[in-house]
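To start, the structure itself, in structure tokens.
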Protein chains: 2
Amino acid sequence: MTRKISDSTVRRLSLYLRILEALEREGIATVSSEDLAGRSGTTAAQVRKDLSHFGSFGKRGLGYAVRDLREHLQRIMGLERRWRVVLVGAGRIGSALFDYAGFRSRGFDIVAVLDADASKVGQRWGEVVIGDSASLEDIIRRHCVDVAIVAVPVEAVQGVVDRVVSAGVRGILNFAPTRLRVPEGVALKDVSLVMELEALSFSLSRHASLGP
Amino acid sequence: MTRKISDSTVRRLSLYLRILEALEREGIATVSSEDLAGRSGTTAAQVRKDLSHFGSFGKRGLGYAVRDLREHLQRIMGLERRWRVVLVGAGRIGSALFDYAGFRSRGFDIVAVLDADASKVGQRWGEVVIGDSASLEDIIRRHCVDVAIVAVPVEAVQGVVDRVVSAGVRGILNFAPTRLRVPEGVALKDVSLVMELEALSFSLSRHASLGP
DNA sequence: AGGTGTGAACACTTTCACAGCA
DNA sequence: TGCTGTGAAAGTGTTCACACCT
């Protein structure tokens, strides 16, 4: 089996999960698809369809048990375990990412930081010492790295990604604004800030006349 | 008219634009949809369809004039002008964004930085002095701000967005991991790092058995 | 010949509507 | 009754295939 699950579904699952965690903290035990839809900006049918790809988690006439559904989603998303992450690039973006507590609290441990700049190598960031990018393959194998966050200049990024992949990493989060080539079976996500801003520019230019 | 243009098309246009700029720097004068597709990881038909929403820019039998198409795309994306941006939140992410040269070089000028933390207010970052979030509306009106980049904690973000919108901003780039409510006519883009990582986690968990 | 522009076919996603269970 | 789970319908986006222009 292993049906193809669409990207948009996956994004919504991640959102549902966050909402369920909040509900749980508030001590709410049960939630309907209607309610979950309201909180996630989608429709009740969409919520039910998204969940239905993985099983039947609700009770008819009642809704979903918050804790139970949260646990299911966590398992579905592969978040019942922790992931080992290498951060390549200790510049501004890398540094902000390293300090972002949200990663650790959601199961992603940055176990190593690497940079090509000799003046950065050896610096201590909290628990980790910045290593030399030359040792990339070594570090990945030694730390059993699962995921690479790549925050290096656009000229360097394809080279880094090739090495990371050949060292066995199958999940990559890229911050450089290029279309990267990765082999089949490697999951790649891009975060392109410029692309997002340009999309805003496009919207603003088109709907200029729709004022309040 | 003003047909609805899909989000994926807009993202590709932004990518085409970057590729065309690179081709121009390399002194390449002409490009085919086939070639552009290869460089952007899509298909020739997709490229032609994307462009066809806005007009006919190519010459049959020849392809597209790089410079000409670049100019057209720039206009289509609303990038022939500069955009005035306020950055709300001078924490780690805010600081990394401020230092990211890519924004300025692509037409986005950060004209003001604001933070709610009194200890940060008054600090000088390059050309700008960090202002107090209390003066948000003032700053937006005084600087004729078009776009707000919001990098504040998740608890604060909806409040900031409401104020930003009521002060007249119609484009928002949000870094907090929540679904924000904005009125019709306001363009909102989310950058959710956790969501991207969770999507990676999902992929990795599902395709665990597809090894080389 | 060579490569664009585009209607028509196809694939995928979302919404609808309702049967079925608590 | 109330709300889930799900086929069927509607809507969107992508690919195909070819007429048409240079």
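Below, chains carry the letters A, B, ... as their sequence lines are ordered, and counting in each starts from 1.
Among the atoms of the strands shown, none is found under 4.0 Å from any heavy atom of A/K4.
For A/R181, the CZ atom is loosely surrounded, since the number of other residues' heavy atoms within 6.0 Å does not exceed 12.
For A/T9, the side-chain atoms get nearest to C/dT14 when compared with the rest of C/dT14, D/dA17, C/dA17. The side chain of B/Q46 lies closest to D/dT14 when the candidates are C/dG5, D/dT6, D/dT14. Here the nucleotide nearest the side chain of A/R48, chosen from C/dG3, D/dT4, C/dG5, is D/dT4.
Close to C/dT13, at under 4.0 Å from its OP1 or OP2, lies no side-chain N or O of A/R11. The phosphate of D/dG5 (OP1 or OP2) has a side-chain N or O of A/Y64 nearer than 4.0 angstrom. Within the 4.0 Å cut-off from OP1 or OP2 of D/dT14, at least one side-chain nitrogen or oxygen of B/S8 is found. A close approach under 4.0 Å does occur between a side-chain nitrogen or oxygen of A/S33 and OP1 or OP2 of D/dT4.
Between the CD atom in A/E198 and the CG atom in A/L200 there is a gap of 10.5 Å [rounded to 0.5 Å]. Note that CG of B/D50 and CG of B/L73 are 9.5 Å apart. Values are rounded to the nearest 0.5 Å.
Ring geometry for A/F108 versus A/W83: interplanar angle under 30°, hence parallel rather than tilted (30 to 60°). The aromatic rings of B/F202 and A/F54 stand perpendicular to each other, their planes meeting at an angle above 60°, with 30° marking the opposite boundary.
As rounded to whole Å, 11 Å separates atom C1' of C/dC21 from atom NZ of A/K59. Between the C1' atom of C/dT13 and the CG atom of A/L13 lies a distance of 14 Å, rounded to the nearest Å. Separating the CD atom of A/E34 from the C1' atom of C/dT15 is a distance of 13 Å, rounded to the nearest angstrom. What separates CG of B/D50 from C1' of C/dT6 is a distance of 14 Å, to the nearest Å. Note: CZ (B/F54) to P (C/dT6) measures 13 Å, nearest angstrom. Atom NZ of A/K49 is separated from atom C1' of C/dA17 by 12 Å (rounded to the nearest Å). Atom-to-atom, CG of B/L69 to C1' of C/dG5 comes out at 14 Å; the value is rounded to the nearest Å. Rounded to whole Å, the distance from CG on A/D7 to P on D/dT14 is 12 Å.
When the nearest nucleotides of DNA chain C are assigned to B/A45 and A/T42 by heavy-atom distance, the more 5′-ward of the two goes with B/A45. The residue among A/S6 and B/L51 whose nearest nucleotide of DNA chain C is located toward the 5' end is B/L51.
For A/R60 against D/dT4, a side-chain N or O and a base N or O form a donor-acceptor pair under 3.5 Å.
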